[in-house]
> 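After the structure tokens below, expect a handful of questions from me.
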Protein chains: 2
Amino acid sequence: MEFNDKQIEILETAERLFAAKGFDGTSVREIAKEANINLASISYYFGSKEKLMEAIFNYRINNAWFAVKTLVDDHSLSPIKKMDMLVDSVIDRISEKECFHRIMVRQQIIAKDDIVTKLINESRARNIEIINEIIRDGQQQKLFKKKIDTPLLVITMIGTIYQMMNTQDFYRQVHKLESLDETAFQHHIRLVLKAHLKTIFKTILINEA
Amino acid sequence: MEFNDKQIEILETAERLFAAKGFDGTSVREIAKEANINLASISYYFGSKEKLMEAIFNYRINNAWFAVKTLVDDHSLSPIKKMDMLVDSVIDRISEKECFHRIMVRQQIIAKDDIVTKLINESRARNIEIINEIIRDGQQQKLFKKKIDTPLLVITMIGTIYQMMNTQDFYRQVHKLESLDETAFQHHIRLVLKAHLKTIFKTILINEA
DNA sequence: AAATAATTCAAACGTTTGTTTTAATTCAAA
DNA sequence: TTTGAATTAAAACAAACGTTTGAATTATTT
């Protein structure tokens, strides 16, 4: 799946608009205007609005867990350290590609049997497998508990990150952090999330119930 | 805010369709057809599609945390028990009104300054206040830790529940639970979620880091 | 330089959109 | 039973939608 500069411009503009206004709430005319390209170019390059959405997923979903995979193969790291680094990595990755993840959440709520859902599920299955490798390792070293529901663990991790993403304005307001500039606040919630999820992970993986 | 039978029929049909296909993905003609009412009735009763959405939120958001409030005032319960019951209550409530919560998640991702977002934030503020009461009580009784980020705790609770709601098909598949019928599976994930979140809550509230 | 392919563009296509209009009908109070 | 308001129904509205067309332009190949 190779995209030229113009296609990438369209993809990233569409991604931004889909994230902000939803797929059905964004018109192809709006995308064309915002990307400074002609209306027909979208059909020309991608075939349709639907296929443009699929292209966004192909563009983003592939090298998503590349860094995590290399993590697993590093035998100098303890499973506990690996899980900590996993948390850091996932939070940073989602923060970087916030627009895309907003689209993914919306898509997951609606779609059931389309191509995009299939892509998401394939990616999810791969991620679970990678994390399971770390956990199995930790169990063999008697560091982790025997019974661990990996998908549930991932659900709490991703769910917490997404929920923070969607309600960060409220979180900021409650904690009276309006004085912080946007960058500082984003940095702050990343740190908070990382510490929070690492604590939760240790409970689930190590401590007794 | 009083609605007659016909209005409620429209509201609940619209809720179901908005949850399944999104606000922009659902046409007023579709709602009218599905609810067996005339197209013009929607404008007649609610003014516009936008106001229909607002009506759904007014219809659902009010008595949402009614049960939880009575929980707080019951002085025969320990704060720990109260938090356990809170988890049960929230999971049951969201499960019951799944369609509405799907709409809410989608709305949160997009909306920034509209009436619906204001309604959601007001509700959230009230909920945080109620939970804070329980937690303060637990802290005074030296049962809970001193520093607790209540909004963050709620974010993990709600985020985990929502993420399970959105990815339950995948969860079912990974755990090979396709043989269970829908009701049994729904019951199962509720139990799993309840135990899971109670464990997490105890870590955050009681245990040392 | 000529020919061929790839891309850009404005205009138009037929649908569908949310909403309004206007007339018919139902219903309750006088 | 008459009167007036509330409700229902079908038709019409302009605007916006995704997509296609065919000519103009640019780029690549021969």
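Just so we're on the same page: letters track the sequence lines, and every chain starts at 1.
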> Give a yes or no answer on whether the side chain of A:Thr13 reaches the backbone of A:Glu9 with a donor-acceptor pair at less than 3.5 Å.
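It does hold such a pair.
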
> So if I apply the side-chain hydrogen bond (donor to acceptor under 3.5 Å, both in side chains) rule between B:Tyr59 and each of B:Glu12, B:Glu15, B:Glu54, which one comes out positive?
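Going through the options one by one, the only one that passes is B:Glu12.
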
> Tell me the bend of the helix from C:dA1-D:dT30 to C:dA30-D:dT1 as the angle between end helix axes, each from five pairs, rounded to the nearest 10 degrees.
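Nearest ten degrees gives 10° for this helix.
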
> Are B:Gln163 and A:Gln108 side-chain neighbours, meaning at least one heavy-atom pair lies under 4.5 Å?
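They are in contact (side-chain heavy atoms under 4.5 Å apart), so the answer is yes.
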
> What pairs of nitrogen or oxygen atoms, one from the protein and one from nucleotides 6-11 of chain D, lie under 3.5 Å apart?
{"residue": "D:dT7", "atom": "OP2", "partner": "B:Tyr44", "partner atom": "OH", "Å": "2.9"}
{"residue": "D:dT8", "atom": "OP1", "partner": "B:Lys6", "partner atom": "NZ", "Å": "2.5"}
{"residue": "D:dT8", "atom": "OP2", "partner": "B:Lys6", "partner atom": "NZ", "Å": "2.9"}
{"residue": "D:dT8", "atom": "OP2", "partner": "B:Tyr45", "partner atom": "OH", "Å": "2.8"}
{"residue": "D:dT8", "atom": "O5'", "partner": "B:Lys6", "partner atom": "NZ", "Å": "3.1"}

> Can you name the closest pair of heavy atoms from A:Lys145 and A:Ile204 and give their distance?
CE-O, 2.9 Å

> Do A:Ile148 and A:Asn132 touch side chain to side chain, with heavy atoms closer than 4.5 Å?
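No; the side chains remain at least 4.5 Å from each other.
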
> Just by distance, no angles: are the side chains of B:Gln186 and B:Gln168 close enough, under 3.5 Å, to form a donor-acceptor pair?
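Yes.
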
> Take A:Glu30 and A:Gly47, find for each the nucleotide of DNA chain D with the closest heavy atom, and name the residue whose nucleotide sits nearer the 5' end.
A:Glu30

> For chain A and DNA chain C, what are the first and last nucleotides along the strand, 5' to 3', with at least one atom under 4.0 angstrom from a heavy atom of the protein chain?
C:dA6 to C:dA12

> Are side-chain heavy atoms of B:Val105 and A:Tyr162 found at a separation under 4.5 Å?
no

> Pairs in or reaching into residues 152-181 of chain A: which pass salt bridge (charged side-chain N to carboxylate O under 4.0 Å, His left out), with residues at least two apart or in two chains?
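Residue pairs with at least one partner in residues 152-181 of chain A: A:Arg172-A:Glu182.
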
> With no hydrogens and no angle check, just 3.5 Å: does a side-chain donor-acceptor pair link A:Asp149 and B:His175?
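Side-chain D/A pair, A:Asp149 to B:His175: present.
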
> Is B:Asp92 paired with B:Lys194 through a side-chain N to carboxylate O contact shorter than 4.0 Å?
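Answer for the salt bridge query: yes.
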
> Looking at DNA chain D, which of residues 19-28 of chain A put a heavy atom within less than 4.0 Å of it?
A:Thr26, A:Ser27, A:Val28

> To the nearest 0.5 Å, tell me how far A:Ile128 CD1 sits from B:Phe170 CZ.
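So the CD1 of A:Ile128 and the CZ of B:Phe170 are separated by 5.0 Å.
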
> Enumerate, atom names and distances included, each donor-acceptor pair closer than 3.5 Å involving a side-chain atom of residues 38-45 of chain B, sequence neighbours excluded.
{"residue": "B:Asn38", "atom": "OD1", "partner": "B:Ala40", "partner atom": "N", "Å": "3.0"}
{"residue": "B:Ser41", "atom": "OG", "partner": "B:Asn38", "partner atom": "O", "Å": "3.2"}

